[in-house]
J.: 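Handing you a structure now.
Whatever order the structure lists them in is the order used to number ligands and atoms, beginning at 1.
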Amino acid sequence: MKETICTIPINDVFGPKDGCPICRLHDMLEQNYLDYILGAAMMEPDIRVETNEKGFCTKHFHMMVNRGRRLQNALILETHLDNIKNTLIDENAKGKPDKKNIAALEQLQQSCYVCDKISWGMEHMFRTIFSSFTTDPEFKELFEQQPFICLPHYTMLIKSASSKGGLKGSELSEFYKSASKLSGKYLSTLKDDISHYCKMFDYRSNGQDWGNSKDSIERSVEYLTSEKPDYIE
Ligand SMILES: [Zn+2]
Ligand SMILES: [Zn+2]
């Protein structure tokens with residue numbers, strides 16, 4: 001189960017050609033891991049040890065609670081709270097705060113079981129993307145036909161491609177060229193759309209066409225952060 005959960009078919013990720021494909025991959029992995037943690041994995045002792053120690057980030061706690069699985073959420077929280085109580089906070093503490101203890105408390109608040117699993121699954125998929133890109137001309141074409149790659153995922157992709165186990169030499173240059181074109185070209189259109197949007201507030205633009213600029217703020221935020229703001233009218 002643990003191994004199969006991150007094996008998402010590469011065509012499901014790149015086939016739709018709608019938005020950033022890596023955002024799609026992220027969302028698919030996120031849904032799979034949330035199903036997993038509130039389903040089959042919930043009672044597995046080794047998984048529970050991990051969730052007890054790492055906990056979850058704000059976003060993923062909220063997503064878990066919103067799924068409505070009250071008992072599953074409560075069982076996960078029961079042992080997680082107990083773990084914090086036994087290792088991090090002494091209700092009868094005296095003297096001064098301990099630096100090591102503070103570091104451990106901070107560490108807990110920065111760690112998330114689901115985020116870690118998503119990162120692992122993404123890295124796994126990146127390796128498949130790199131090998132398909134270099135060996136399968138059809139996939140290379142599909143990759144280059146994507147609407148864009150958002151900035152955080154562009155960063156992850158080129159970092160992973162440049163690291164150990166990634167790509168080398170001309171294969172790395174070729175991938176870098178394609179990824180930069182996808183992300184950079186979209187950045188240029190965003191910049192133009194935002195400029196057009198600003199110009200439309202000038203009285204001299206009265207009666208002129210807004211073109212593609214009306215949602216350029218939302219699209220820019222999505223490009224910069226991987227997340228669409230939810231205040232679109
Ligand atoms: Zn993305
Ligand atoms: Zn998280």
J.: With respect to the Zn ion (ligand 2), what is the nearest N, O or S atom of H60?
T.: ND1
J.: Verify the distance criterion only: is there a donor paired with an acceptor across the side chains of S160 and E123 at less than 3.5 Å?
T.: yes
J.: Just say parallel, tilted or perpendicular for the rings of F143 and F14, cut-offs at 30° and 60°.
T.: tilted
J.: So, H26 and the Zn ion (ligand 1): N/O/S under 2.8 Å, yes or no?
T.: no
J.: Could you please spell out the steps behind the ring-ring contact (aromatic ring centres under 6.0 Å, His included) verdict for Y154 and F148?
T.: CA-CA 9 Å; Y154 167 74; F148 67 95; over 10 Å; no
J.: Angle subtended at the Zn ion (ligand 1) by SG of C150 and SG of C20, to 10 degrees?
T.: 110°
J.: Specify which N/O/S atom of H153 comes nearest to the Zn ion (ligand 1), by atom name.
T.: ND1
J.: Is any side-chain N of the basic residue among E144 and K181 closer than 4.0 Å to the acidic one's carboxylate O?
T.: no
